[in-house]
Amino acid sequence: MDYKDTLLMPKTDFPMRANLPNKEPAIQADWEENRVYEKSLERRKGRPKFILHDGPPYANGDIHIGHAENKVLKDFIVRYKSMAGFYAPYVPGWDTHGLPIEQALVKKGVDRKKMSVAEFRELCKQYALEQIDRQRAQFKRLGVRGDWDHPYVTLDKKYEAAQIRLFGEMVKRGYIYKDKKTIYWSPSSESALAEAEIEYKDKRSPSIYVAFQVKDGKGVLPSDSAIVIWTTTPWTIPANLAISVHPDYEYALVHADGKKYVVAKELLPALKEKLSWQTASIEKTFKGAALEHVVCAHPFYERDSLVILGEHVTLDAGTGCVHTAPGHGEDDFYVGKKYGLDILCPVDEKGYMTEEAPGFEGLFYDDANKPVTEKLKEVGALLKLEFITHSYPHDWRTKKPVIFRATEQWFASIKDFRDDLLRAITEVKWKPAWGETRLHNMVRDREDWCISRQRRWGVPIPVFYAEDGTPIVTDETIEHVANLVAEHGSNVWFEREAKELLPDGFTSEHSPNGIFTKETDIMDVWFDSGSSHAAVLEQRDDLERPADLYLEGSDQYRGWFNSSLTTAVATTGRAPYKSVLSHGFVLDGEGRKMSKSLGNVIDPLKVMKTLGADIIRLWIASVDYTADAPVSDEILGQVAEVYRKIRNTIRFMLGNLHGFDPAVHSVAIDEMPELDRYMMAKLNALIEKVRKAYDEYEFLTIYNAIHNYCTTDMSAFYLDIAKDTLYTDFEDSPARRSIQTVMYKTLVALLKLLTPIIPHTAEEAWRYVPGEKADYVQLTDMPEPEPFDGADALVKKWDQVMVVRDDVLKALEEARNEKLIGKSLEAAVTLYPTAAHCAVLETIPDLDKLFIVSKAEIAGTLDDAPANAPRYRETAVIVGRAEGEKCERCWVVTPTVGSDADHPALCARCADIVKKHYA
RNA sequence: GGGCCUGUAGCUCAGUCGGUCAGAGCGCACGCCUGAUAAGCGUGAGGUCGGUGGUUCGAACCCACUCAGGCCCA
């Protein structure tokens, strides 16, 4: 007879090759069809909630690997919490307003000027919704579980209404005010521009050096000296209010051709040449800080120009003394505000000089350069005029130069509740811990928040103006507008006249004629997403504020963590989150950022088509996500290898559970052989370790622990040893059933522990697990350790055995190298362990099976070992060829082969089994 | 320029309060097996712990500086 037919070989239909790219979509379709997300909530009804509030990605473009990292990390957590007993809803969101969408439409050829604002906004909305559909499909393809049919979207009417109410609340508390701010302004398109709408091009400009006569030298400068500035925008001289110097730079009072000038000492040689000074001797030098509050005279207006200190001053060019016009430059604006200067801006929205620039009013700003320069020459302040070509910001659409211009903006006053913000930060749990420092520093140093944008695609700032220009925002108007928006969407603001947006019969003492206008600015999109705690957490019955967790990339300390905290603290006094977790960015294999030009971009959509979502997910578990995570084809390949190892281990266990019914065949732990109990103890330790890691969001620990368990503990050790019993023993033998019990429990635990990370594979394998079980592994509970008496002692004991085993393996390898044996079953080993190990080993039956050799015996302690016996770490081991013949059935080499006349090719054990069970 | 962070074997990561080897898995090399087979097993070779200089009896772990990289500002 063919004895192979009497072996119980592994049998399973769970395929070795995963074929994830093809299989995953089907698995996902099944989840959707069977409403698995909804079921995961139903089975946790009434349990404690765990709310992970989704930070909304911007609805534009396909997802990249960073999106994948973010969403998958969230999915790990939500799936784990759900299986760990929490009611854990996940409501994904999208950020849908803002400039990039406007730009995307323009790129597609939409001409904003050919339609009404409301029409343009409608196109923006349609575009955003299309983008959501695309991204939603891509996120779902990653296996992210959540309420995809009911996401929150910032353009949603109800969301917008809640945002408007939140704004109203901040107004009510006095946190919103109007002030001037300097912004990019394009005279050619008569509009404000964002940074993204600027492109730098070369421009030819006048370059002038101007002397500002000192009026009050504060004892540092003589009254007959002058400070020299340099500028390429002479038209801003009428707006000059100050001269900035760097506090730390060295400045010099110079005698040049009979006059006294102040310039940065370092730049003097260059200036001497530039200004054609014949002589230039330094009278004295001083730090810039000494010049603070020196007063100069404006060259041609009856006005002071104050010397102030600014860190923005550089020595790259010019004189080290910077002409400062707070209405016409960003640095100028901030430093001017610091010194309480006016934000003077004598240029109108078309780019023409106003009457605030006497002598130049009515001139286009660029045409004022010449007369201003002439005027400077006339008063003797002009030291030099030439023309240079330099890089200058231009309007990306009209290609014309842009200017800085101070305009009225709405602000949220951070300083009024900064202390509350800082206190709220201390009440949040931050991971990593440095997140707290990072946000604290940011909030501490941050300026007031400019929340207005001169844009179209966004939530309107719900403010009305009376006839005399007085802004009108009251509880009544906010509530009225919010209700209109809730009903019609924020487009109503652009479709209707102010009067139609005000409550019926609204009056104001500032509008005697009953005429009102409305604000046309919209809110900064950070105000949109920063309102989600009010618009989503507070609105949905399932959710609650504060959320348990916000989890985003570390760029969001400046972004969403910040804006959410700001609006929440301003209106409720509390942070909107109990804890914040941040992840880093995805970099290439060299640790550099990904860019198309470097060609090092890993596209998750492509990876899902080649390797599968579970590989991406496993990769995310394999890196320290709190720092930047490297990814490359090589790294993904490595992860795919790990995946295969895990998958094969699962497959092997499934195969050997063929014919095993846990309800019928399970063996109680206290009835198991020691080795099996040892494995149960190790499994308990694994479960404990992994669950603790999940609780602390340390997925890398899980990855390593599970991988090591599959590789070292299972595949290379236990499963290898178990094969003999599993294959050759009779089906219902207690030893075999015990091993199967261990494998069953291990398999179930592993699959559950793996479910949050590789849900597709876990679900696929789950279908092959024998016995009664839930339809979906994700609808089960996380495994708990099953402690039993003596487990700790057992582990301690067997850890020692493992040391001896290592020695035996080394001895076998040496014998193999000497061609004494091939496979280990050809060997017989004689051991001389240390006395301590000896005592341990003598209590262990079947040492031969443990070492997978045909014979193993303890011949004495280390002291008894013959001189020629090779010594290893703890044991001397002599390896010889096993005596006897190779059993045709179990391949053990033993003298008992042939002892049964009916089965001359079998060993005694096999002959017995075959006779009894395969007759 | 500022705030925060990262830098340990080819790769991904461990290295608790500074003091026994600087470890794991993968990959690699070599070998075994062919009854987990586009599998499985074993052994082995790989590291100036980014660099420099300090503190200390002693530092991958502490300090300073520096290089490289990342996020956010300016």
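Treat the numbers as computed from the prediction; the structure is a model and nothing was measured. Protein chains get the first letters and strands the later ones, always in sequence-line order, with residue 1 at the start of each.
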If you restrict it to nitrogen or oxygen atoms, what contacts under 3.5 Å exist between nucleotides 1-4 of chain B and the protein, and what is each distance?
unit_1: G3(B); atom_1: O3'; unit_2: Asn441(A); atom_2: ND2; d: 3.0
unit_1: G3(B); atom_1: O2'; unit_2: Asn441(A); atom_2: ND2; d: 2.9
unit_1: G3(B); atom_1: N2; unit_2: Arg438(A); atom_2: NH2; d: 3.2

Would a 4.5 Å heavy-atom cut-off, applied to side chains only, mark Trp526(A) and Thr566(A) as touching?
no
Determine whether Leu611(A) and Ile616(A) make a side-chain contact, defined as any pair of heavy atoms from C-beta on separated by less than 4.5 Å.
no
Check: Tyr577(A) main-chain N/O paired with Ser579(A) side-chain donor or acceptor under 3.5 Å
no
Quick check: does any side chain N or O of Asn600(A) sit under 3.5 Å from a backbone N or O of Lys593(A), one acting as donor and the other as acceptor?
yes
Decide yes or no, distance alone: a donor-acceptor N/O pair under 3.5 angstrom between the base of A36(B) and the side-chain of Ser715(A).
yes
Using the aromatic ring of Phe585(A) (for Trp, its six-membered ring), decide whether it stacks on the base of G70(B) within the limits of 5.5 Å and 30°.
no
Name every donor-acceptor pair, under 3.5 Å, that has one atom in a side chain of residues 800-810 of chain A and the other anywhere in the protein, sequence neighbours excluded.
unit_1: Arg805(A); atom_1: NH2; unit_2: Ala716(A); atom_2: O; d: 3.3
unit_1: Asp807(A); atom_1: OD1; unit_2: Arg873(A); atom_2: N; d: 3.2
unit_1: Asp807(A); atom_1: OD2; unit_2: Arg873(A); atom_2: N; d: 3.3
unit_1: Asp807(A); atom_1: OD2; unit_2: Glu874(A); atom_2: N; d: 2.7
unit_1: Asp807(A); atom_1: OD2; unit_2: Thr875(A); atom_2: N; d: 3.0

Re C71(B): Watson-Crick or G-U wobble partner, both distances kept under 3.5 Å, found to be G3(B)
Between the protein and nucleotides 9-11 of chain B, list the N/O to N/O atom pairs that are separated by less than 3.5 angstrom.
unit_1: C11(B); atom_1: O2'; unit_2: Gln638(A); atom_2: OE1; d: 2.9
unit_1: C11(B); atom_1: O2; unit_2: Gln638(A); atom_2: OE1; d: 3.0
unit_1: C11(B); atom_1: O2; unit_2: Gln638(A); atom_2: NE2; d: 3.0

Atom NZ of Lys849(A): over 12 foreign heavy atoms under 6.0 Å:
yes
Which of these nucleotides, C32(B), U12(B), C26(B), is closest to any side-chain atom of Arg816(A)?
C32(B)
In whole angstroms, how far is the C1' atom of A29(B) from the CG atom of Asn817(A)?
13 Å
For Phe14(A), is the NZ or CZ atom of Arg767(A) found under 6.0 angstrom from the centre of its six-membered ring and inside 45 degrees of the ring axis?
no
G46(B) glycosidic conformation (syn if within 90° of 0, otherwise anti) is syn
